[in-house]
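Below is one structure, written out as structure tokens; comments come after it.
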Amino acid sequence: MPELPEVEIIVRKLKTFLIGKVPIRIICNKAKLLKTSQCLSMALDRPIYDISRKGKLIILSVPPYAWLIHLKMTGQLWWQHKDTPLPSYTHLTILFKDTEYQLRFADSRQFGYLQIVPEKVLSQVPFLQKLGPDALTITPLTFEKRLQNRHAIIKSLLLNQQCLAGLGNIYSDEALWLAKIHPLTPANTINQTQIKKLTTAIHKVLKCALKLGGTSIKSYVHPDGQKGLYQNRLFVYGKAGLPCQRCGSLIKRLKIGGRSSYFCPVCQPRIN
DNA sequence: GCCACTGTTAGCAT
DNA sequence: CATGCTAACAGTGG
């Protein structure tokens with residue numbers, strides 16, 4: 001569920017809670033969600049220096065280690081007092097020095113993980129190595145270069161984190177609708193003007209979602225429990241059979257690579 | 001109950 | 001290399 005705006009909001013809020021805090025213990029109830037190559041205790045008892053993200057991956061800088069958190073589809077991070085009842089499917093709990101608050105990692109589908117690696121080898125983590133440029137800051141020119149030799153359809157490439165990092169199913173569909181591009185369009189047939197429009201559309205939809213606290217459809221919450229509001233501003237995602245807010249035609253749903261794609265057949269005509 | 005669906009990604013086959 | 005399919009898992013809704 002969490003795509004770039006949701007992850008960015010989590011990072012911003014975690015910063016206000018966690019910078020300078022010293023993790024002293026990790027309680028792990030589901031071993032496969034905790035990936036550590038070295039002795040775990042080595043990574044504890046050091047202050048959190050910074051928190052950032054690359055695409056949808058959260059990175060806690062805890063020198064000389066980096067803690068990587070991926071929420072995948074249903075992962076949640078909660079910052080809660082120790083006496084607050086545990087959220088369902090809490091698999092990891094991180095305790096800190098001098099506070100009764102805890103960072104809790106819940107994930108019903110158990111696809112997410114916390115991986116601790118020496119900061120030195122961060123650039124060798126395969127997932128990070130392959131990750132494309134960030135969707136929030138990519139320029140039309142960079143985007144054009146990455147699309148020009150690709151035969152795949154644009155919807156698949158927007159979801160491909162190696163092509164562009166940060167978009168998921170919701171914001172891909174929203175951006176294509178804003179840019180009036182059919183999801184099945186082969187990437188290498190999209191002209192410069194359209195790529196520029198698509199880049200602008202991606203930036204616009206991500207920034208607006210950020211401003212509204214992200215999209216809370218199923219499980220997404222901020223670490224303090226607050227929910228996003230962008231689900232009220234979606235134009236096409238999940239809107240099959242409803243009128244297009246631009247032209248009134250009925251929104252269609254298409255299965256692309258096993259994922260639902262929503263689009264307006266009139267605003268987003270198939271050209272190629 | 002059963003089946004189809006869900007916001008992600010890695011790994012494998014083609 | 002590029003692309004497409006499936007699995008990992010658990011919940012929800014028809």
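A, B, ... follow the sequence lines: proteins, then strands. Residue 1 opens every chain.
When rounded to the nearest whole Å, the span between CG of A:L71 and P of C:dC9 equals 19 Å. Whole-Å rounding puts the A:L131 CG to B:dT8 C1' distance at 13 Å. Rounded to whole angstrom, the span from the NZ atom of A:K72 across to the C1' atom of B:dA10 amounts to 7 Å. Distance CG (A:L159) to P (B:dA10): 14 Å, rounded to an integer number of Å. When rounded to the nearest whole Å, the span between CD1 of A:I69 and C1' of B:dT8 equals 16 Å. Atom pair A:L57:CG and B:dT9:C1' shows a separation of 12 Å (rounding to whole Å applied). Following rounding to the nearest Å, A:Q76 (CD) and C:dA10 (P) show an atom-to-atom distance of 16 Å. Spacing between atom CG of A:D107 and atom C1' of C:dA8 amounts to 11 Å, rounded to whole angstrom units.
Here A:E8 pairs with A:R53 in a salt bridge; the nearest charged N to carboxylate O distance falls below 4.0 Å.
Counting only heavy atoms from C-beta on, A:F127 has its side chain closest to B:dT9 among C:dT3, B:dT9, B:dT6. Of all nucleotides listed (B:dT6, B:dT9, C:dT3), C:dT3 comes nearest to the side chain of A:H151. Considering only side-chain atoms of A:S260, the nucleotide from B:dT8, B:dT6, C:dT3 that sits closest is B:dT6. When the nucleotides B:dT9, B:dT6, C:dT3 are ranked by their closest atom to the side chain of A:K56, B:dT9 comes out on top. Across B:dT8, B:dC5, C:dG4, the shortest atom-to-atom separation from the side chain of A:S156 is found for C:dG4. Out of B:dA10, B:dT6, B:dT8, the shortest distance to the side chain of A:Y237 is found at B:dT6. Looking at the side chain of A:K32, the nearest of the listed nucleotides B:dT6, B:dT9, C:dA8 is C:dA8. Comparing C:dT3, C:dC9, B:dT6 against the side chain of A:F111 picks out C:dC9 as the nearest.
Of the side-chain N and O atoms in A:R259, none sit less than 4.0 angstrom from OP1 or OP2 of B:dA4. Dashed line: the shortest gap from a side-chain N or O of A:Q110 to OP1 or OP2 of C:dA8 is not under 4.0 Å. The side chain of A:K30 places no N or O atom within less than 4.0 Å of a non-bridging phosphate oxygen (OP1 or OP2) of C:dA10.
Side-chain contact between A:L92 and A:R104 is absent, with no heavy atoms from C-beta onward closer than 4.5 Å.
No cation-pi contact links A:K239 to A:Y262, judged by a cut-off of 6.0 Å to the six-membered ring centre and 45° from its axis.
In summary, the side chains of A:S61 and A:E119 do present a donor paired with an acceptor at a separation below 3.5 Å, with no hydrogens or angles considered.
Residue A:K255 is classed as a sugar-phosphate contact, given heavy-atom separations below 4.0 Å to backbone atoms only. As judged by a 4.0 angstrom heavy-atom cut-off over every strand, A:E6 is placed among residues making no nucleic acid contact.
The residue among A:R109 and A:Y113 whose nearest nucleotide of DNA chain B lies closer to the 5′ end is A:R109.
When ring centroids are compared, A:H91 and A:F105 stay outside the 6.0 Å threshold.
For A:T185 (side chain) and A:H182 (main-chain N/O), a donor-acceptor pair under 3.5 Å exists by modelled atom type.
Both distances falling under 3.5 Å, in either a Watson-Crick or a G-U wobble arrangement, occur for no nucleotide opposite C:dC9.
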